[in-house]
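Structure first, then comments.
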Amino acid sequence: MAGDERSKASSTGSSGLVRPPRTRLDQPKAPRRRLLPEYDPEAFGRFSERIARFLGTGRFIVWMTLIIILWVLWNIFAPKDLRFDQYPFIFLTLMLSLQASYAAPLILLAQNRQDDRDRVTHEQDRKQNERSIADTEYLTREIAALRMGLGEVATRDWIRSELQDMVKDMEERQVRFPAESDEGDR
């Protein structure tokens, strides 16, 4: 009984107000109830892109033209009790306005998604170009270092020319000092 009173006293605090229970930090929060329906923005974006692609085709214009022609012809030549939109075709105007009011935001959404993709592609291209430039600069420095190093390396042609020069020098010495070379042979 004394333990129960202590736990009540500790939960109410000194002011006597009841504190809400502490939330545990080692567990995720329970999802909140939302008033608005949830949707997948990527799925909606893909849907809007499909619609925008269709609205930008000749097929859409042909279908829209056929529907409008049929609408007008039906409401002019059909029996009076079957007509649903009389001559000023106010309902047709309303339908076209409704179609336009939905088409414009869907097209804008599709354009925004395409802009985002283009931005990502542009950023990737920029990074790739930077890497290519860095690689090119590195290779240029390496080639310059190799050229400098090769300038100090004896090539076959250089060695051949040096040997030929030495042979010529020896032949000239032999021509100038033939007696010395004969005495050395004895």
Side-chain angles (χ1 to χ4, degrees), residues 22-69 95-186:
R22 288 188 176 177
T23 58
R24 294 190 55 169
L25 298 178
D26 62 338
Q27 295 178 353
K29 282 185 165 183
R32 287 200 260 168
R33 201 173 130 210
R34 296 188 176 184
L35 298 176
L36 298 175
E38 292 186 32
Y39 69 98
D40 181 15
E42 286 300 311
F44 188 73
R46 287 189 298 272
F47 174 71
S48 68
E49 286 176 343
R50 282 198 308 267
I51 290 175
R53 278 192 203 102
F54 177 68
L55 292 177
T57 62
R59 180 183 292 167
F60 170 74
I61 293 174
V62 168
W63 278 107
M64 187 63 120
T65 304
L66 287 175
I67 289 171
I68 291 172
I69 289 171
M95 289 294 110
L96 292 174
S97 297
L98 184 66
Q99 182 266 332
S101 68
Y102 274 97
L106 289 174
I107 290 170
L108 287 174
L109 178 63
Q111 285 178 341
N112 289 340
R113 286 174 52 86
Q114 185 62 42
D115 287 343
D116 291 343
R117 280 194 299 274
D118 290 344
R119 190 176 304 111
V120 168
T121 302
H122 176 69
E123 183 65 24
Q124 289 172 346
D125 289 345
R126 187 185 62 75
K127 287 179 181 177
Q128 180 63 36
N129 288 342
E130 286 176 356
R131 283 192 298 268
S132 296
I133 289 170
D135 290 346
T136 303
E137 289 174 352
Y138 171 75
L139 290 174
T140 303
R141 286 191 301 273
E142 288 296 313
I143 289 172
L146 287 173
R147 282 185 178 167
M148 289 173 51
L150 281 177
E152 299 170 3
V153 173
T155 62
R156 182 176 26 186
D157 294 335
W158 181 80
I159 293 173
R160 185 176 293 139
S161 68
E162 288 295 313
L163 287 173
Q164 287 172 351
D165 289 344
M166 289 175 72
V167 167
K168 283 180 188 176
D169 285 346
M170 290 174 69
E171 287 174 355
E172 286 176 9
R173 285 185 188 173
Q174 198 173 22
V175 170
R176 285 188 207 159
F177 310 110
E180 292 178 8
S181 63
D182 289 339
E183 290 175 10
D185 289 339
R186 294 185 188 165

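FYI, side chains are in, hydrogens and waters are out, and symmetry mates aren't considered; it's all heavy atoms of this structure.
Under the 4.0 Å criterion applied to side-chain N and carboxylate O atoms, K168 and E172 are not assigned as salt-bridge partners.
In this structure, L139 CG and E137 CD are separated by 10.5 Å, a value rounded to the nearest 0.5 Å. Separation of atoms CZ (R156) and CG (L163) is listed at 13.0 Å; rounding is to 0.5 Å. Note: I107 CD1 to N112 CG = 12.0 Å, rounded to the nearest 0.5 Å. Here the CE atom belonging to M95 is positioned 12.0 Å from the CD1 atom belonging to I67, to the nearest 0.5 angstrom. Annotation: the span from L35 atom CG to R33 atom CZ amounts to 7.0 Å, rounded to 0.5 Å. Atoms CD and CD, on Q164 and E171 in that order, are 10.5 Å from each other to the nearest 0.5 Å.
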What side-chain donor-acceptor pairs closer than 3.5 Å can you find for residues 43-63, not counting sequence neighbours?
| residue | atom | partner | partner atom | Å |
| --- | --- | --- | --- | --- |
| S48 | OG | G45 | O | 2.7 |
| E49 | OE2 | R113 | NE | 3.0 |
| E49 | OE2 | R117 | NH1 | 2.8 |
| E49 | OE2 | R117 | NH2 | 2.9 |
| T57 | OG1 | F54 | O | 2.7 |
| T57 | OG1 | F60 | N | 3.3 |

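Annotation: M170, atom CE; neighbour count of heavy atoms from other residues, nucleotides and ligands within 6.0 Å does not exceed 12.
D115 and Q111 form no side-chain donor-acceptor contact under 3.5 Å, judged by distance and modelled atom types alone.
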